[in-house]
Asker: 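Could you have a look at this structure, given as structure tokens, before my questions?
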Amino acid sequence: MPGFFFSHSNMTELNGKEDCKLAEGKVHKKKQKVFGADLKSYLKCMVPHIESGIKTSNSRNVMLSAEEVIQWSQSLEKLLASQSGQGVFREFLKSEFSEENIEFWLACEDYKKTKSDHLHGKAERIYAEFVQSDAIKQINIDYQMREATAKKAQDPTHTSFDEVQKTVYILMERDSYPRFLKSKSYLNLLNQLQTNTSK
């Protein structure tokens with residue numbers, strides 16, 4: 001079975017099921033040190049049977065096709081609509097030390113689905129984790145937006161984070177997303193899928 005190759009000097013072909021099992025358990029739980037190896041493990045788990053397409057490692061057993069990966073290049077919205085796309089994009093953002101952007105965006109998407117009686121607690125957590133000036137995963141927004149969001153988070157509604165979420169989305173769309181589409185991780189995945197499709 002062919003492996004994925006990246007330009008990192010320490011990269012070698014992964015060894016079958018053991019690496020896949022390790023990656024499935026750790027990709028999202030623990031911050032990895034080497035992006036190439038981390039993404040390589042993640043993608044390897046998505047390729048248990050290379051001739052039949054690429055299978056994602058989530059419980060729904062979704063097959064990843066070249067067509068889906070091509071759609072990711074049409075818009076950031078299409079990329080984020082795909083669970084697999086979110087995973088690959090998140091790994092790319094980790095390599096750029098900006099994964100807080102997608103994590104914040106996903107937290108806001110989850111927040112919008114929250115029942116009204118739980119809004120206050122979730123708003124506090126999102127504010128503390130991403131917005132306040134000393135947040136662990138502080139997003140890149142200006143002082144005025146940070147202050148306006150702080151006020152909205154004190155009396156939360158389902159739209160409290162809409163403005164700041166839109167700002168972070170635009171930042172990803174203009175900055176990280178174009179680099180992702182030119183990255184070796186995306187291009188290698190697309191090339192591997194297109195090669196398998198043509199067999």
Asker: Do you know the tightest heavy-atom contact between I102 and M172?
Answerer: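 Here I102 and M172 meet closest at N-SD, 3.8 Å.
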Asker: Can you get from M145 to L171 by hopping between Ile, Leu, Val, Met, Phe, Trp and Tyr side chains that sit under 4.5 Å apart?
Answerer: no
Asker: Would you name the heavy atoms of S160 and P156 that are closest together and state the gap between them?
Answerer: OG-CA, 3.3 Å
Asker: Output yes when a side-chain donor or acceptor of T167 lies under 3.5 Å from a complementary backbone atom of E163, and no otherwise.
Answerer: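 Yes; at least one donor-acceptor contact below 3.5 Å.
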Asker: Measure the CD1-CD distance between I170 and E173 for me, rounded to the nearest 0.5 Å.
Answerer: 7.0 Å
Asker: State, yes or no, whether a side-chain contact exists between Q132 and Y127 at a heavy-atom distance under 4.5 Å.
Answerer: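 When only atoms from C-beta onward are counted, Y127 and Q132 do touch, with a gap below 4.5 Å.
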Asker: Any idea which heavy atoms bring S176 and F92 closest together, and the distance?
Answerer: O-CE2, 3.5 Å
Asker: Using only atom types and a distance under 3.5 Å, with no angle test, would you say the side chain of N188 pairs donor to acceptor with the backbone of K184?
Answerer: yes
Asker: Are D162 and K166 close enough for a salt bridge, meaning some N to O gap below 4.0 Å?
Answerer: no
Asker: Please say whether more than 12 non-hydrogen atoms of neighbouring residues, nucleotides or ligands are located less than 6.0 Å from CD in Q74.
Answerer: yes
Asker: Less than 4.5 Å apart, any side-chain heavy atom of L80 and any of E109?
Answerer: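 No, their side chains stay 4.5 Å or more apart.
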Asker: Can you list everything that forms a ring pair (Phe, Tyr, Trp, His ring centres under 6.0 Å) with F130? Sequence neighbours excluded, please.
Answerer: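 Here the qualifying residues are F104.
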Asker: Could you tell me whether the side chain of I136 reaches within less than 4.5 Å of the side chain of E129, counting heavy atoms only?
Answerer: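 No, every pair of side-chain atoms sits at 4.5 Å or beyond.
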Asker: H158 side chain to T114 main-chain N or O, any donor-acceptor pair under 3.5 Å?
Answerer: yes
Asker: Between Y169 (side chain only) and W105 (backbone N and O only), is there a donor and an acceptor less than 3.5 Å apart?
Answerer: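 It does not hold such a pair.
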Asker: Looking only at heavy atoms, what is the nearest atom pair of L181 and S73, with distance?
Answerer: CD2-CA, 3.6 Å
Asker: Would you say that F180 contacts L76 through its side chain, given a criterion of any heavy-atom pair below 4.5 Å between the two side chains?
Answerer: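 In short, these two side chains do not touch, never coming nearer than 4.5 Å.
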Asker: When you compare the side chains of S84 and E68, does any donor N or O come within less than 3.5 Å of an acceptor on the partner?
Answerer: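 No pair is found: no donor N or O on one side chain lies under 3.5 Å from an acceptor on the other.
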Asker: Counting C-beta onward and ignoring hydrogens, is there a side-chain heavy-atom pair between F89 and W72 closer than 4.5 Å?
Answerer: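 Contact flag for F89/W72 side chains = no.
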Asker: Where the side chain of D110 meets the backbone of L106, is there a donor-acceptor pair that is under 3.5 Å apart?
Answerer: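 No.
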Asker: Hey, mind stepping through Y111 and F161 against ring pair (Phe, Tyr, Trp, His ring centres under 6.0 Å) and telling me if it holds?
Answerer: CA-CA 9 Å; Y111 176 80; F161 295 101; 5.1 Å; yes
Asker: Just how far is it from atom CG of N140 to atom CG of D175, taken to the nearest 0.5 Å?
Answerer: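 Going from the CG atom of N140 to the CG atom of D175 covers 9.5 Å.
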Asker: Would you name the heavy atoms of E100 and Q138 that are closest together and state the gap between them?
Answerer: CG-O, 3.6 Å
Asker: Would you compute the distance between atom OG of S75 and atom CG of L79 and round it to the nearest 0.5 angstrom?
Answerer: 8.0 Å
Asker: So how far is it from Q165 CD to I139 CD1, rounded to the nearest 0.5 Å?
Answerer: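 Rounded to the nearest 0.5 Å, the CD-CD1 separation comes out at 9.5 Å.
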Asker: Indicate the atoms forming the closest heavy-atom contact of A128 with A135, along with that distance.
Answerer: O-CB, 3.3 Å
Asker: Measuring from N101:CG to E103:CD, what's the distance to the nearest 0.5 Å?
Answerer: 9.5 Å
Asker: I would like to know whether Q194 and V69 meet side chain to side chain contact (heavy atoms under 4.5 Å, CB included); could you show each step before the answer?
Answerer: CA-CA 10 Å; Q194 287 174 329; V69 175; over 6 Å; no
Asker: Do you see a donor-acceptor pair shorter than 3.5 Å between the side chains of T157 and T159?
Answerer: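 Looking only at side-chain atoms, T159 and T157 do form a donor-acceptor pair, the distance falling under 3.5 Å.
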Asker: Without swapping roles, check the side chain of R146 against the backbone of I141 for a donor-acceptor pair under 3.5 Å.
Answerer: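 Present.
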